[in-house]
Amino acid sequence: MADKIQVNRQNIENDAMQIESAASYLMKVPLDSQDTRSTIPANANGKEAYERSQERISALGDLLDQEVENIRELNEAFEKFDEMMGLLTGNVSRGI
């Protein structure tokens, strides 16, 4: 089964870079100063909702950054595993 698994390190790195690029757009953006002067309760509620949404967008960006790191670490671990399996199969003859 191991001989059927094929992993392209460059494709995985390209995918990680695309996720990283998407995550860079997920940043918290503050309201303009003109938007903070209103005393109308609906505007205050809108500002709070906007702030919460921005915090969640920022958190999503942080999570995507973590996933990029996980993808890269898994890619590295798989490459090491593949090398070890190659050495193992090279040193052991199958009695099949």
Side-chain angles (χ1 to χ4, degrees):
M1 179 170 159
D3 57 342
K4 295 180 183 179
I5 298 173
Q6 297 205 1
V7 176
N8 185 319
R9 184 173 177 88
Q10 188 56 48
N11 285 348
I12 293 172
E13 180 58 29
N14 290 343
D15 290 345
M17 288 173 54
Q18 286 179 335
I19 295 169
E20 196 171 41
S21 175
S24 70
Y25 291 99
L26 299 174
M27 302 180 315
K28 188 175 176 180
V29 178
L31 287 171
D32 291 336
S33 60
Q34 64 192 18
D35 295 333
T36 62
R37 297 181 187 165
S38 177
T39 58
I40 299 173
N43 284 349
N45 292 341
K47 286 183 222 174
E48 288 176 23
Y50 179 82
E51 183 64 28
R52 281 193 308 271
S53 72
Q54 291 301 303
E55 287 171 5
R56 290 184 177 131
I57 287 170
S58 179
L60 178 58
D62 293 342
L63 290 172
L64 284 176
D65 287 338
Q66 181 60 52
E67 286 306 310
V68 167
E69 186 63 29
N70 292 344
I71 289 168
R72 287 182 173 142
E73 287 176 5
L74 183 60
N75 195 25
E76 232 176 89
F78 187 82
E79 186 174 286
K80 288 178 185 176
F81 173 77
D82 190 45
E83 289 172 7
M84 289 174 17
M85 290 303 290
L87 290 173
L88 180 64
T89 58
N91 294 330
V92 177
S93 68
R94 294 183 180 183
I96 301 176

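Reckoned from all heavy atoms, side chains included, excluding hydrogens, waters and symmetry mates.
- The CD1 atom of I57 sits 15.0 Å away from atom OH of Y25, with the distance rounded to the nearest 0.5 Å.
- L74 and M17 fall into different hydrophobic clusters, defined by Ile, Leu, Val, Met, Phe, Trp and Tyr side-chain heavy atoms under 4.5 Å apart, directly or through other members.
- Smallest separation of non-hydrogen atoms from G61 and A23: O-CB, 3.8 Å.
- Connection of M84 to F78 is not established within any shared hydrophobic cluster, with ILVMFWY side chains joined at heavy-atom distances below 4.5 Å, either directly or through further cluster members.
- Note that CD of Q18 and CG of D15 are 5.5 Å apart. Values are rounded to the nearest 0.5 Å.
- In this structure, V68 and A16 approach most closely via the heavy-atom pair CG2-O, 3.6 Å.
- Rounding to the nearest 0.5 Å places NZ of K28 at 11.5 Å from CG of D62.
- Interatomic distance, L87 CG to E83 CD, rounded to the nearest 0.5 Å: 7.5 Å.
- The CG atom of L26 lies 5.0 Å from the CG atom of L60; values are rounded to the nearest 0.5 Å.
- Remark: side-chain polar atoms of S53 are paired, donor with acceptor, to backbone N or O of Y50 under 3.5 angstrom.
- Between the CD atom of E51 and the NZ atom of K47 there is a distance of 11.5 Å, given to the nearest 0.5 Å.
- Surrounding CZ of R9 are more than 12 heavy atoms belonging to other residues, nucleotides or ligands, all under 6.0 Å away.
- Using modelled atom types, one finds no donor on one side chain facing an acceptor on the other under 3.5 Å when comparing E79 with N75.
- Between Q66 and N70, the side chains place a donor N or O and an acceptor N or O closer than 3.5 Å (distance only, hydrogens not considered).
- In this structure, the side chains of D65 and E69 stay at 4.5 Å or more apart for every pair of heavy atoms.
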